[in-house]
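Structure first, commentary second.
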Amino acid sequence: MNSVVTGFAVDSPVHYFEDIIKGAYASFSKTVTEADMVLFAGISGDTNPIHINQEFAESTAFAGRIVHGMLSAGFISTVLGMKLPGPGAVYMSQTLNFRAPVRVGDTVTARAEVVDLIPEKRVVVLQTVCLVKEKVVLDGEARMTMPSRQRHAR
């Protein structure tokens, strides 16, 4: 697992809206293992055979098992909750467009970039993407609300 944060102006346990800048981005990478997929199936209850039954999955258009799309989307949550905007931020919404399958053994890199700031609501809008190698497997947009340094100081 690895992560990167670039263009972000704060190194603090809680991040504030005033510290976020357009163009800042962060990423997180993880190689998906068989255990990750099995644990996700158990935790989520999504035991669709496309994920857990090789024989069934071979008969589909994917010609083999694929990782749950929401497992890959969870890596976006890691970026947003832990890196940028980071601790203190709360998810408001997320769009997800699934573009290509992920398979066990693939390294997924989730990336988020600040594309807009809405100061009156303390909302950060981020472009989100998951890549395997250089191929987009998932993309979308997230909106997060953040605490204000001014309100926190009171």
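- In this structure, Met70 and Phe98 have side chains that are in contact, with non-hydrogen atoms separated by less than 4.5 Å.
- You'll find the side chain of Pro85 stays beyond 4.5 Å of the side chain of His15, heavy atoms only.
- Residues Ile76 and Leu138 form a side-chain contact, since some pair of their non-hydrogen atoms from C-beta on lies under 4.5 Å apart.
- In this structure, the side chain of Arg122 engages the main chain of Met146 through a donor-acceptor pair within 3.5 Å.
- To the nearest 0.5 angstrom, Thr145 atom OG1 is 10.0 Å from Ile118 atom CD1.
- Each of Val137, Val32, Val108, Ile50 was checked for a side chain to side chain contact (heavy atoms under 4.5 Å, CB included) with Val67, and the lone residue meeting it is Val32.
- Of the possible donor and acceptor atoms, one in the side chain of Arg103 sits under 3.5 Å from a partner among the backbone N and O of Arg65.
- Considering only heavy atoms from C-beta on, Lys83 stays 4.5 Å or farther from Phe28 through its side chain.
- Annotation: side chain of Ile21 is not in contact with side chain of Val114 (no heavy-atom distance under 4.5 Å).
- Distance alone, capped at 3.5 Å, is enough to place a donor-acceptor pair between the Thr95 side chain and the Glu141 backbone.
- Using a 30° and 60° split on the angle between ring planes, His68 and His51 fall in the parallel class, below 30°.
- Within a 6.0 Å radius of CD in Gln94, more than 12 heavy atoms belonging to other residues, nucleotides or ligands are found.
- No chain of hydrophobic side-chain contacts below 4.5 Å, direct or via other Ile, Leu, Val, Met, Phe, Trp or Tyr residues, connects Leu96 to Val129.
- Between Lys30 and Thr78, every side-chain heavy-atom pair lies at or beyond the 4.5 Å cut-off.
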